[in-house]
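Down below is the structure, laid out as structure tokens.
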Protein chains: 4
Amino acid sequence: MARAPVLAENSRRAQSKAANRQQILDAARAVFAELGYEAASIRDVIRRTDLASGTFYNYFTCKEELRQAIADDSAARFRPLLQKAHDEAESFEDYVRRGFVIYFAFVAQESMAQQNGVLAPNFGYRIDTPEMMAVFTEVRAHIEEAIAQGLAPQLDADYFTAAAIGVARELGERMCQRLPLDPLAAAEFATRFVLAGAAAAAIS
Amino acid sequence: MARAPVLAENSRRAQSKAANRQQILDAARAVFAELGYEAASIRDVIRRTDLASGTFYNYFTCKEELRQAIADDSAARFRPLLQKAHDEAESFEDYVRRGFVIYFAFVAQESMAQQNGVLAPNFGYRIDTPEMMAVFTEVRAHIEEAIAQGLAPQLDADYFTAAAIGVARELGERMCQRLPLDPLAAAEFATRFVLAGAAAAAIS
Amino acid sequence: MARAPVLAENSRRAQSKAANRQQILDAARAVFAELGYEAASIRDVIRRTDLASGTFYNYFTCKEELRQAIADDSAARFRPLLQKAHDEAESFEDYVRRGFVIYFAFVAQESMAQQNGVLAPNFGYRIDTPEMMAVFTEVRAHIEEAIAQGLAPQLDADYFTAAAIGVARELGERMCQRLPLDPLAAAEFATRFVLAGAAAAAIS
Amino acid sequence: MARAPVLAENSRRAQSKAANRQQILDAARAVFAELGYEAASIRDVIRRTDLASGTFYNYFTCKEELRQAIADDSAARFRPLLQKAHDEAESFEDYVRRGFVIYFAFVAQESMAQQNGVLAPNFGYRIDTPEMMAVFTEVRAHIEEAIAQGLAPQLDADYFTAAAIGVARELGERMCQRLPLDPLAAAEFATRFVLAGAAAAAIS
DNA sequence: CATGAATGAGCATTCATTCAT
DNA sequence: CATGAATGAATGCTCATTCAT
């Protein structure tokens with residue numbers, strides 16, 4: 001009979017496993033940022049690592065799973081913040097402002113975490129990840145709710161969400177190119193811009 | 001002695017050359033739209049053609065050059081329209097409106113030209129092509145000019161341009177998912193949104 | 001000083017060792033039958049086990065050694081039966097009959113032991129294992145002995161053995177495809193066939 | 001417009017293509033014989049060749065296709081001979097004799113064609129290729145026909161075919177180990193053996 | 001200039017095997 | 001002895017690119 005494996009949470013083995021996983025994730029984030037997700041190969045990732053090629057497959061079964069892990073990581077960190085912004089907001093204006101503040105802070109942080117701050121992260125290096133879609137959907141839901149409650153102007157929630165996210169993305173990238181990073185300034189610009197836009201785009 | 005070949009512009013040879021080049025470009029546009037730029041291989045492109053694989057290299061030296069050519073093609077068709085909008089505009093508001101109208105019309109047209117309208121055109125399938133940068137720069141120049149002439153509010157031209165382009169891109173994608181395509185409605189929304197935003201973002 | 005471990009034959013340790021070895025052998029037999037020897041990987045085998053991958057190498061040094069062990073196991077079970085048939089036979093005819101009876105019974109049993117009866121056992125999944133050669137040699141020796149004693153017709157013992165084994169193998173496979181398995185019928189057919197053949201092939 | 005390809009049957013290009021294909025087939029036959037089909041890798045095959053690895057895929061899309069090509073080649077050469085034997089045979093006995101003669105001649109020839117005469121070809125290096133099945137089916141049909149016409153004894157055609165093929169295979173291998181090759185002697189042995197067996201196995 | 005076979009580097013993935021725990 | 005993570009060679013296959021025809 002085989003003995004039941006005694007795997008202490010903090011054994012040297014387990015520690016090393018966690019470290020290797022993190023190593024791969026870090027390398028992947030950097031490589032995807034440099035080359036783009038599609039262009040990057042798994043080998044590019046492990047080359048950025050002191051692990052052997054086969055080791056990758058002890059942690060992820062394919063490139064897609066790796067992307068998921070990274071994206072989930074980003075989403076898992078961002079979406080609660082967004083939810084909190086929504087819950088704590090005292091008005092529609094406040095929600096918009098808080099949303100932009102946390103978004104640009106988040107982008108700035110991700111940007112600094114990576115050696116090369118040039119490519120904006122955009123939540124996963126690609127334009128339409130499922131997580132980005134989820135954020136979009138969530139934001140739109142918040143907005144529809146605000147409209148329903150009469151807190152926000154009557155407008156096309158879908159288009160408005162798209163516009164706001166477009167502003168956030170594009171401004172986020174520009175912001176990363178201006179040093180020192182000033183997420184609050186970007187948030188201030190975006191907030192004013194979008195709130196005025198919302199009023200103007202309201203269905204007359 | 002053989003005479004040196006005199007290659008008239010419209011000789012059979014030249015016609016054939018132009019036709020082959022166009023054939024490759026058309027195939028590439030379709031293939032890139034279907035598979036995405038990275039996933040598509042040159043072989044996929046020439047397979048869509050009645051040319052031999054080696055022939056590709058008489059026209060382009062690598063895949064990147066092909067992408068450039070397509071993007072330049074898009075840009076070459078779009079930028080004169082934008083310039084015209086600028087030249088004919090009678091005010092800053094008019095420029096913004098005309099710009100959005102031609103942009104959404106352009107996107108709608110490209111979207112319909114491709115079988116599957118799901119992939120956003122975005123001027124060449126990728127987020128930061130040099131041409132996109134050029135358009136960005138051009139728009140910003142127009143705006144700085146307008147500010148200098150007192151036609152537009154005093155604001156951060158760089159951020160404003162980014163915001164406007166962000167709205168255009170994101171709205172363009174949403175628009176493509178609503179059938180029937182209604183570029184004028186999108187343009188109307190964007191115009192109102194951005195003009196109000198511009199006023200609000202003006203340096204106080 | 002630690003006492004040197006006294007490893008009784010039936011100590012817990014030894015029992016566990018034997019059980020692990022048997023576990024691996026059983027799994028291997030099943031996996032080889034399902035996927036074929038070449039296609040099966042050691043990982044496939046240990047996955048069918050509750051042992052860890054590294055443990056395999058405490059018992060076998062490589063896949064080939066595992067195959068040997070299985071084949072030896074088959075041979076070790078079959079050859080005594082064959083020897084017994086020889087020793088108890090009262091005539092050449094009787095030897096041939098007994099030999100076929102035990103062979104087809106053996107094949108039928110192996111076939112049923114495995115879920116899928118389609119793969120012919122053939123003594124170890126491969127056509128020319130050393131053990132098969134050994135059986136061949138043994139049968140030929142029996143036959144040469146019978147010829148020398150005047151019990152069997154004068155014939156080319158090598159070719160005759162080959163013919164008899166060919167009949168056994170091929171018939172064994174056909175038999176496995178007819179349900180319900182009827183090893184006695186196959187043995188009857190083979191016996192008549194081979195005995196008559198022997199007579200006819202006798203050196204005239 | 002692309003010119004229509006002018007591919008002379010006997011152009012240097014076409015000749016080279018045919019030569020390369022043959023080179024691969026020859027190498028594959030040798031490698032499969034040495035290592036077995038499953039154990040052999042495509043790289044083993046091309047290494048035996050002066051071609052580059054990628055070139056393989058200009059001729060075959062996978063290993064299986066290669067096996068097919070070889071097997072078809074063998075089958076395509078053998079089955080007409082067998083059919084001819086059947087058509088020209090003047091009796092059941094004659095059919096059996098002719099069948100064995102051509103089979104052993106075929107095996108002898110294949111054996112000599114390969115450097116290493118040790119491994120018998122067996123029509124494709126593996127025990128149950130589709131082609132082998134086809135030959136089996138064909139032979140059984142011939143035999144059932146003979147039984148129906150009263151030319152052959154009433155017997156279990158399926159088992160009889162299996163027995164005859166078993167004799168052929170096993171004897172073929174033994175024959176290849178006796179130098180000089182004497183296919184006629186093997187055929188003579190097999191014919192006598194099988195015909196007598198057929199009579200004895202007849203349903204009484 | 002078109003052709004398409006040849007090339008060989010490159011990729012994702014698997015696997016036997018080792019070895020620190 | 002058992003464990004299972006790490007290793008890196010090997011495999012099937014793709015593809016951009018070259019070049020003789």
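Residue numbering restarts at 1 for every chain, and letters A, B, ... go by the order of the sequence lines. Just so it is clear, the structure is predicted and the values come from calculations on it, not from any experiment. Hydrogens, waters and symmetry mates are skipped; everything else that's a heavy atom, side chains included, is used.
Across all their heavy atoms, D:Val45 and D:Ile24 have their closest contact at CG1-O, 4.0 Å.
Look at CD1 on B:Ile24: it is 13 Å from P on F:dT17, rounded to the nearest Å. The distance from atom CG of B:Asp50 to atom P of E:dT3 is 7 Å, rounded to the nearest whole Å. Rounded to whole Å, the distance from OH on B:Tyr37 to C1' on F:dC15 is 14 Å.
Within residues 53-63 of chain B, the residues that place at least one heavy atom under 4.0 Å from DNA chain E are, in residue-number order, B:Ser53, B:Gly54, B:Thr55, B:Asn58, B:Tyr59.
Nearest-nucleotide positions on DNA chain E for A:Ile42 and D:Ala52 put D:Ala52 closer to the 5' end.
Applying the salt bridge (charged side-chain N to carboxylate O under 4.0 Å, His left out) rule to pairs touching residues 53-64 of chain A yields A:Glu64-A:Arg67, sequence neighbours excluded.
The side chain to side chain donor-acceptor pair (under 3.5 Å) check on A:Arg77 picks up A:Asp73, A:Glu110, with sequence neighbours excluded. For B:Arg21, the side chain to side chain donor-acceptor pair (under 3.5 Å) criterion is met by no residue, not counting sequence neighbours. Under the rule for a ring-ring contact (aromatic ring centres under 6.0 Å, His included), B:Tyr59 has no partner lying at least two apart in sequence or in another chain. With sequence neighbours excluded, no residue satisfies salt bridge (Lys or Arg N to Asp or Glu O under 4.0 Å) with A:Asp26. A:Arg43 pairs by the side chain to side chain donor-acceptor pair (under 3.5 Å) definition with nothing, not counting sequence neighbours.
With distances taken from any side-chain atom of A:Lys17 to the nucleotides F:dA5, E:dT3, E:dA5, the minimum falls on F:dA5.
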Which side-chain N or O atoms in residues 49-58 of chain A pair as donor and acceptor under 3.5 Å with protein atoms at least two apart or in another chain?
{"unit_1": "A:Asp50", "atom_1": "OD1", "unit_2": "A:Gln23", "atom_2": "NE2", "d": "3.4"}
{"unit_1": "A:Thr55", "atom_1": "OG1", "unit_2": "A:Ala52", "atom_2": "O", "d": "3.4"}

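Contact annotation: D:Asn20 does not reach the phosphate of E:dA5 (side-chain N/O to OP1 or OP2, under 4.0 Å). Here A:Arg47 reaches the OP1 or OP2 of E:dC11: one of its side-chain N or O atoms lies under 4.0 Å away.
Within 3.5 Å, a donor on the side chain of A:Arg43 pairs with an acceptor on the base of E:dA12, or the reverse.
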Fill in the blank from the handout: With both pairing distances under 3.5 angstrom for Watson-Crick or G-U wobble, and | for a partner in another strand, the correct string for DNA chain F is .||||||||||||||||||||

